[in-house]
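As the structure is a computational prediction, the values presented were derived from the model and not from experiment. Here is the naming used below: chain letters follow the sequence lines, and residue numbers restart at 1 for every chain.
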Amino acid sequence: MEDAYRPATVEQAAQDHWARTRCFEVGEQSDRPKFYCLTMFPYPSGRLHMGHVRVFTISDVIARHRRMQGYNVLQPMGWDAFGMPAENAAIERGVAPAKWTYENIDYMRGQLKRLGYGYDWRRELTTCKPEYYRWEQWLFTKMFERGLVYRRNAVVNWDPVDQTVLANEQVIDGRGWRSGALVERREIPQWFMKITAYADDLLEELERMSGWPEAVKTMQRNWIGRSEGIELAFDVADGDQQLRVYTTRPDTLYGVTYMAVAAEHPLAVAAAEGQPALQAFLRECQQGQAAEAALETMEKKGMPLGVDVIHPLTGERLPVWVANFVLMGYGTGAVMAVPGHDQRDWEFATRYGLPIRQVIRPTDGRDGDLATAAFTDYGLLVNSGEHDGLDFAQAFDALAAKFEGEGRGRRRVNYRLRDWGVSRQRYWGTPIPIIYCDDCGAVPVPEADLPVVLPEDVEVTGSGSPLQNMPEFFECSCPQCGKPARRETDTFDTFVESSWYFARYACPDSDAAMLDDRADYWMPVDQYTGGIEHAILHLLYSRFFQRVMRDLGLSQHAEPFSNLLTQGMVLKDGAKMSKSKGNTVDPQALVEEYGADTVRLFMMFAAPPEQALEWSDDGVQGAFRFLRRLWRQVAAHVAAGPTEPLDAAALDEGQRSLRRLVHQTIAKVDDDIGRRHSFNTAIAAVMELSNAVNRFADGSPQGRAVRHEAIESMVLMLSPIVPHVCHALWQALGHEEAVVECPWPQVETAALAQATVELVVQVNGRLRARIEVAADVDKETALAQALAEDNVQRFVGAAAPRKVIHVPGKLLNIVV
RNA sequence: GCCGGGAUGGCGGAACUGGUAGACGCGGCGGACUCAAAAUCCGUUGGUGGAGACAUCGUGAGGGUUCGAGUCCCUCUCCCGGCACCA
């Protein structure tokens, strides 16, 4: 064995071994239980960044640990290859998106291999290839047949100068990123997937998903936003029209003092005819961005339409206002305003001098003063005629029954979740397989004509999609009647590709079907790891697609991911690493300087996976130093010659003590990696063991046997984290079999036994002494021994203890 | 604005189910080795007082529950993620 640790040669040798033995290529014939370990696949942006290294290392450690525990582990890798950056590169540098993407993939694949991840590369997926997206197009046509997709108008960010649709991130301070023009909201026809048809199922199943973090489940619950309320029609005065609204607070109905409608609402459009001031305001409402955060934070403005509605209970006339915060696309495009009991309505009413009426009285003695804010809690009805004195539930039932009897309203479950708009007016994406025929309407492309291939040789200008200028792409004939027709030039949202790739890894080469039997063997994913930023959209869309695939008979499973780990970001100087901030650290340079193992070790040691990780160059040095120390430790042990077998019964106190630590550490590391995913504490525990071995000076035959067990255990325990150096060290320890094929070390319970333990002694909850007691000591004995301590006596004094709390094996608290 | 999360020494973090605050690592300081430096090794390292034993303060801020709170509850501050066309 070499004296010095040389990562470059060590890592090359280990990677050659894995490639030669193809040990990460797995099939479905196995007597081991399956374990499917997956990370969110990367966008091929050009080079790996530290965030990638972090998430892939987390997953690789889990996969290698499971493998040692005897599972048939699948860990695949692929590329989420469609998306805007490729178009941006095309605009800026004139390189075709396809060429740019494939070159990035080639480079990044090399980087992944250099980092030593245990992937089954035969299953690599690239979503911009027709073999992949044809099945996505196929699924869309099946959803079309089942009525799960439809077309309607929806709002986009419109750049009036570049004449193009902008993504939210391309709008900076309300202006187009390239033109600088003020962005407008514009409605265009788009395709939608009916995720709302699964809203209740997606919501309810969360209750049973014990392997997901509570925070993610809470966010999804709130996103789906199930509410129970009443849909109610107000009669428009002086006419036969009705204004429909939905409310979850029918108990506040007597407090309605005005109505608010969206600028696009028919009532507003009709009222604006011949009223230039109102028309100007409606135009103003269409300015600004489509993003909800922008809408919610903008100044709330409105104007009266000069139209009244009749209050269905009091017969009072209520003015209808148009307001910029009410959106036509959500709900009915109209809301009833209760300024006394809704804060946004309160602010609007205060601004425009509209009446504020109290109709709910607090039940806990508060005054509920409406002069400073709305009172939004539940309470008892007042100023509500015959309904005075009812509580929320009673008022809800009474009013629902009344309106249902009159045919004016009905109880309704409503969701905040909206259907998924999948149309994008972009080039670099999966073509939507639809043909528009003047006679037959929107017709899905027949299965035999799939895939609709995206032309790769195009010129991207940044103004609209190149597909719109390519007759050879969009000119076609109607599949139904054969007449000349026009192909859809919009492409899919890239979230569509990432909503089913996890299942496709099971059968990436299947050209007869989207999924086959192999998907049922591997699915669901046992461990899914990715960024918390995907907590809602990607994970909800994937849950939706998995259900659609189940309902089409492609899978038996409703849920795609059994266990979810959401990892934090990698920061430097407290900020997310980004080119614009100039605070990036290139993984490639570090791998070249220290080796992959050092980078992996630092990543796993610096922070628990869910938390943000603060980058530290010194910390990387420390990780490298530890590996070098480990190397020397093994080298010194090996150089001292072979050891004799361990005889557990013949050990002295010092030997038993080190051996106890070995088995305690195995138990802790197994739990830390396998259950808690607390890799940083697992590494700390092995470091402590390594320090203890260094201090252990016993050169006797049994002393060396104990040290041998400790060192072999350390190498096995570290091998999921730093697999290359452990591959070399395991060989140096004289093993024929590679460490990657070794089972996880077993805890020997007998080695954990301990005759005495340290007990912390507190007086009135404050630490005053530590005593050594028998492991099974009773309370009285422990108390007597504690009272014999000088420092305990000082604080207890002559008084008799009022109360004694004994936590066996931990603490004794004397209360005086 | 709404939803979710976070805040512990000089720094990254540990404390898993309410029971020893600061494991492990980095950095600092002192020492050994060396002509010297690097590397390595040993010791030490939250603040204050004390020679020490030890005492006392201390987990973003303020309050509360408890024999005991970093951990539970209430109020607040700041930071991060998401908000449906970034991925």
Describe the nucleic acid contact of [X] in one word from base, sugar-phosphate, nothing, applying a heavy-atom distance below 4.0 Å.
X        : result
A:His538 : nothing
A:Ser616 : nothing
A:Trp420 : nothing
A:Phe626 : nothing
A:Pro42  : nothing
A:Leu417 : base
A:Asn791 : sugar-phosphate
A:Val804 : nothing
A:Arg695 : nothing
A:Ala685 : nothing
A:Ser423 : base
A:Met40  : nothing
A:Tyr43  : sugar-phosphate
A:Ala215 : sugar-phosphate

Looking at [Y], is its backbone amide N or carbonyl O close enough to the side chain of [X] to form a donor-acceptor pair, meaning the two atoms are under 3.5 Å apart?
X        : Y        : answer
A:Asp159 : A:Thr164 : no
A:Ser423 : A:Trp191 : yes
A:Gln170 : A:Ala167 : yes
A:Arg600 : A:Ile721 : yes

Return no unless some side-chain N or O of [X] is found under 4.0 Å from OP1 or OP2 of [N].
X        : N     : result
A:Thr494 : B:A87 : yes
A:Arg768 : B:A55 : yes
A:Arg424 : B:A87 : no
A:Arg628 : B:C41 : no
A:Gln611 : B:G13 : yes
A:Asn168 : B:A84 : yes
A:Asn691 : B:A23 : no
A:Arg416 : B:C3  : no

Partner of A:Phe602 under ring-ring contact (aromatic ring centres under 6.0 Å, His included), chosen from A:Trp615, A:Tyr594, A:Phe679: A:Trp615
A:Tyr150-A:Asp419 side chain donor-acceptor pair, cut-off 3.5 Å: yes
Between A:Asp80 and A:Ser498: side-chain donor-acceptor atoms closer than 3.5 Å: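 No, no side-chain donor-acceptor pair sits under 3.5 Å.
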Can you identify which nucleotide, out of [options], has its nearest atom closest to the [X] side chain?
X        : options             : result
A:Asn222 : B:C67, B:A87, B:G4  : B:G4
A:Phe795 : B:C85, B:G25, B:A55 : B:A55
A:Gln425 : B:C85, B:G4, B:G13  : B:C85
A:Glu688 : B:C24, B:G81, B:C85 : B:C24

Do any N or O atoms of the protein come closer than 3.5 Å to N or O atoms of nucleotides 18-20 of chain B, and which pairs are they?
unit_1	atom_1	unit_2	atom_2	d
B:G19	N2	A:Asn813	ND2	3.2
B:U20	O2	A:Arg770	NH1	2.2
B:U20	O2	A:Arg770	NH2	3.3

Close aromatic pair by centroid cut-off 6.0 Å: A:Tyr132 and A:Trp500: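 Here the rings of A:Trp500 and A:Tyr132 have centres that are less than 6.0 Å from each other.
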Between [M] and [N], how far apart are the [atom1] atoms? Round to whole Å, please.
N     : M     : atom1 : answer
B:G62 : B:C2  : C1'   : 26 Å
B:U66 : B:G60 : P     : 23 Å
B:G10 : B:G5  : P     : 29 Å

Closest-nucleotide ordering on RNA chain B, the 5'-leading residue of A:Met687 and A:Arg766: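 With A:Arg766 and A:Met687 compared, the 5'-side residue is A:Met687.
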B:G9, syn or anti by chi within 90 degrees of zero: syn
A:Phe544 and A:Trp420 aromatic ring geometry - parallel, tilted or perpendicular at 30°/60° bounds: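 Because their plane-to-plane angle is over 60°, the rings of A:Trp420 and A:Phe544 count as perpendicular.
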Interatomic distance where CZ belongs to A:Arg794 and P belongs to B:U56 [whole Å]: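 Checked: the CZ to P distance equals 8 Å.
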